[in-house]
Structures are given as structure tokens and as C-alpha cells.
Amino acid sequence: MNPIWVITKKELGSFFDSLIAYVILIAFLGLSGLFTWDPFELIGSSDIFFRKQADLQAFFGIAYWTLFFFVPALTMRQIAEERKTGTIELLLTKDVTDRQLIIGKFLACFLMVCIALAFTLPYYFTVAKLGDIDHGATLCGYLGLLLMSAAYISIGLFSSSVTSNQIVAFLLAILIGVLFHILFEVMAGNGQGWFSNLLENMSLRYHFDSIQRGVIDTKDLVYFASIIVLGLGLSELIISKRS
Amino acid sequence: MDIKIQNLSKSYGVQKAVDHISFEVKTGEIVGFLGPNGAGKTTTMKMITSYLDKDEGDIFIGGQPANERHIKKHIGYLPEHNPLYTDMPVIDYLEFCAALQGVPKPEMPGRVREMVRVCGLDVEKHKRIRELSKGYRQRVGLAQAMIHDPEILILDEPTTGLDPNQIVEIRELIRKLGKEKTVILSTHILPEVEATCDRILIINQGKIVADGTADVLRKQAQGQQVLRVRISGADTDTIFERLQGLPTIASVDILDADNQRFELQSVPEQLSNQATFELCVRNKWVLLEMIPYETRLEDIFRNLTL
């Protein structure tokens, strides 16, 4: 069996073993469901019934934020805990390379997000029953969420690799994430010229929205791929230092 | 499979942790790596297992220059403090380690069962690791190190923190394994190396300061034979003078004048047991005690590392 898959399976297993998976699934589905359907009229300005449109924009809008917080919760222990307990030494003296370890952990977190998103598919079927849903746009919406999660997972793994403290890893992931998530966009809006343009291009929201509109542009795919590769590459580099 | 280390070096910044050490371990040999804390034992072991990159030097396994894949396939490693995934049940953990080491799936249940048997984990095999006592955790650590049937075992302080019974058990286990495998174990517990190891390497400040069996090291440290005798039948001064008159004896010390105990140091390369005995017979003295004095390993260790 490929070592990457062995690691992935073990990590995924330990999510479900340690209640992390259930807590995150319940919190994610609970929050997303509440804000998507808003059955108690708590907000009453962005949910599906208020919009009266057969699309999942309400869900994508809220998942954009819930995933932002849940992904670091998944990634924070990945490497930090291995460092703290010393098991990283155990792993890396087995027939596993640093890269395989990182990719294995990345895939485990990514699959966990996929499982969470799979549980929201009933939203899609429900809305499709209610009206004439745009299948392409919905698909792109999910793709956008997956790409965004992948990017944050790689940022989260990087944060987890620089420390042996899970809380630090979580906060660092949020800190780096918030730049991409909102700050670059805000800063771009306040400025002008090439710098503002650059910031806009670095904003994750910009690319997320672009995919969500139903257009899969190479530019956006390259953007997400670069964050993922950079994050995972840096994690590998840090692990290889063995400090 | 033998293992040969040549000129291995590693520095952390300006501090030389391991300084050009070379040694060899033959198949079926158990070598004890002895040294004070911070001497470079763990660093050396981590380099052999390829966890740490070496600055300089070569490692040969079975006569071949070792690359990382090669090392990982042939070496089983028990790190210091025995890190384990404490949330996993023993069997799952061993299967995970086997899969990581590339044990083919059909062989896996057999290997795991074998390890459970060899390491005596049968009673505890369905428990989670965190529920195990320290001795059993150590067995799990040994089991994971051997899961892929490596020819070389590197064990970093395998008995720290165990109670005396557990220490004996783990030592026996290591001795049993050492019959077929090449074992390097590190420790700073001196009786441990005497009890388990065929050979001792003493390392201090990154350098090897002694290499040999416990007996060889003793001889080297001692140089000449030392006997402790207790003789009665004459007064202390007479015995003292006569003993000093013996040609094989270099010096005599009175240890205890009342009980007439003496310490005799022989001339190098000479034994004085017989001459002492014959002296007593000639004078009709009674030889109450004659104890060859062995330098303790502790003394050798202190001499070499202080």
C-alpha cells in the first residue's frame, strides 16, 4: 500500500475516533443549515426563502465563513501534535518520506471536508425540487468551496508544522487565512493602481467569487494551486529541518 | 547484517554533537552505547536511522553504502521516550506501522500476530495504548520497531522508566532478539550493558573513548591484578613484610590492620595468587580470604567520561 494512503487512512480514522469529526460535522452542518434555510427567521435577509431564487448562493455564502474556521481546527493538530509527542520521529524513520507524510495528511483533511460537504448535497436536491436550479453554477460553487478548503488546509498544515502547540497552529492559520479571506480585498478596495490590483488578485474572495459565478478560469485554478503547492512545500521544508 | 560507521559527524551550530566517530557492529552482536547525558548517543542513533542528516561520514549496511530507503527497510528503531499513538488500539497501531513499512497485505496479520507473541502482548492486544502500563508500552515500542523483520535494531534507552521486573523482562527480550539480529542499544544504566550487551562503546563529548567487552575494558582500565586477602597466624607487620618480599607483588596496602586485611597489587602481566598461597603454607598462616578485585564498570565509566 502506498504510504500516502496509509497516512491518509490513519488520520481520517483518528478524526472519527476522537470525536473531532462529529463535532465539526455537527457544527458545520448546524451553522450552515441554520443560515441557509433560516427557519426561525433569525436573520431573514440572505436565506433561500428570503431570496426566493432556486440557487445555493445562501449556502455558499455561509460555508465560505464556516469552512474558514473549521479547516484550521482540522489541521492544527496534524503536525504540531506529532512534534509534541515525538511520533514524528517514529513516522519519518519508517518507510515514508517527508513529502508523503505531508500529502497524506493533506488528503485526510481534504477528504474530511469532502465528507462534510457531501452532507449538504440534500440542500441541492431540495432546491432542485423547489425550482429550476442552475446545475453548472451549483457545481462551480462546490468546486470553489473545495478549492478554498484545499488552500486553507495547506496553510493550516504549514502553521501546524512551525510549532508544537496546537493553539498557536490554529491561531496562526486563522491569521494567515484572514489575509487571503478578507484583508487583501479590503486593502485593495482602499487603494488604486497596480498595487491595489495585485492585492485584489491575491485575495481569495476575488477568485472564489469568480469561480462561483460559474466561470472556471485558468487564472483562478492557478491561484489556488499555487497556494496549495506553496503551503505544502513550505511545510515539507520545515519538517525536513527536523528542529 | 552488519553495520559500519565511518567518521560520522554532526554539529548543532558551533557545538559538535558527534565528532568523527567510527565503529562496526557485526551480525548477531548486541552493542551497548554508553555515555553521560548529552554525549551524542541519541544524535548518533538518529543519524544511523536517517532521521537526522549527517554532516560528514559514511554508513555501510551489509557492506553497502546506505541510502535512506535502504536504511528504513533494514533498520527497526525505537526512539527515546518511546513515542506512540496512545489513542490507537495495539493491533491497529501495529498494522499501521506494518503498512508504513511496506509489509504486503497478505503477510500483515501473520507479522502482527508474530510480534504480539514475541513481545508478550497477547493479554493486552485489544486495549488502547494509553491504557497500557509503561512496561507494556515499551513492548509495543519494540514490536513496532521489529514489525517489518529488520536485521538491525536501534533502541534508544529501551528500559528507562521501567520497574526492576519490567527491566529484566525487556532485557531478556532484547537478548533473545539479539541472537539473530544486530542490536545497538543506548543507555546510561551500567548494569544494563553488562547484563545485555556483548560489547560496550563508551562515548563522551561526541567521541568514542572505549570500545570492547566488559572484560577487556576492565583489563585496560586496571592494568594489573589486584587481590584482597585476609591472613591470620602472625602479626600484621610480619605478614606485611613477607608479602612485600614476594617477587610478583608490586605493592601491598593494609586495608584493615585489626582483621589483617591486605590489598595486593601484582607486577604487570603477573598473577600472585599462587605465590601468596604458597607463602601462607610455608609460614603455616591461615588464608581466610582471597578475593580478586575487579574494577567496576562505574569506575571505568567515570574515569573515561569525567
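Below, chain A is the first sequence line, B the second, and so on; all start at residue 1.
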Looking only at B:E68, B:H81, B:M88, the option with the highest number of non-hydrogen pairs under 4.5 Å against chain A is B:M88
Max heavy-atom pairs within cutoff under 4.5 Å with chain B, candidates A:L90, A:L91, A:T85, A:T97, goes to A:L90
Residues at least two apart in sequence or cross-chain that pass salt bridge (Lys or Arg N to Asp or Glu O under 4.0 Å) with B:K54, listed by chain then number, are none
Check: residues 134-144 of chain B side-chain donor-acceptor pairs under 3.5 Å, at least two apart:
unit_1, atom_1, unit_2, atom_2, d
B:R137, NE, B:L132, O, 3.2
B:R137, NH2, B:R130, O, 3.0
B:Q138, NE2, B:P158, O, 2.7
B:R139, NH1, B:C119, O, 2.9
B:R139, NH1, B:G120, O, 3.4
B:R139, NH2, B:E169, OE1, 2.3
B:Q144, OE1, A:K94, NZ, 2.5
B:Q144, NE2, B:Y77, O, 3.2
B:Q144, NE2, B:G141, O, 3.1

Under a 4.5 Å heavy-atom criterion, the part of residues 15-26 of chain B in contact with chain A comprises none
Checklist line | Atom NZ of B:K73: over 12 foreign heavy atoms under 6.0 Å | finding: yes
Rounded to the nearest 0.5 angstrom, the CG-OH distance for A:L92 and B:Y51 is 6.0 Å
* Asked: Just wondering, more than 12 heavy atoms not from A:R99 lying within 6.0 Å of its CZ?
  -> no
d(A:T87 OG1, B:N82 CG) to nearest 0.5 Å is 11.0 Å
Open item on the list: Just checking B:Q205: does its CD atom have more than 12 heavy atoms from other residues, nucleotides or ligands closer to it than 6.0 angstrom?
Closed with: no
When the 4.5 angstrom heavy-atom criterion is applied to B:Y12 and chain A, the contacting part is neither
Distance col, row A:K9:NZ vs B:F96:CZ, nearest 0.5 angstrom, shows 10.5 Å
Separation between CG (A:D17) and CG (B:D92), nearest 0.5 Å, reads 8.0 Å
**Study point:** A:F16 atom CZ, neighbour heavy-atom count above 12 within 6.0 Å
**Key:** yes
Heavy-atom nearest pair, A:D95 first then B:R69, reads OD1-NE, 3.0 Å
Value for NZ (B:K46) from CD (A:E89), rounded to nearest 0.5 Å, stands at 4.0 Å
When the 4.5 angstrom heavy-atom criterion is applied to A:E82 and chain B, the contacting part is side chain
Okay, B:L84 and chain A: the region with an atom under 4.5 Å from a heavy atom over there is backbone
Those residues at least two apart in sequence (or on a different chain) that pass salt bridge (Lys or Arg N to Asp or Glu O under 4.0 Å) with B:K125 are B:D122
dist A:T93:OG1 -> B:I48:CD1 (nearest 0.5 Å) comes out at 13.0 Å
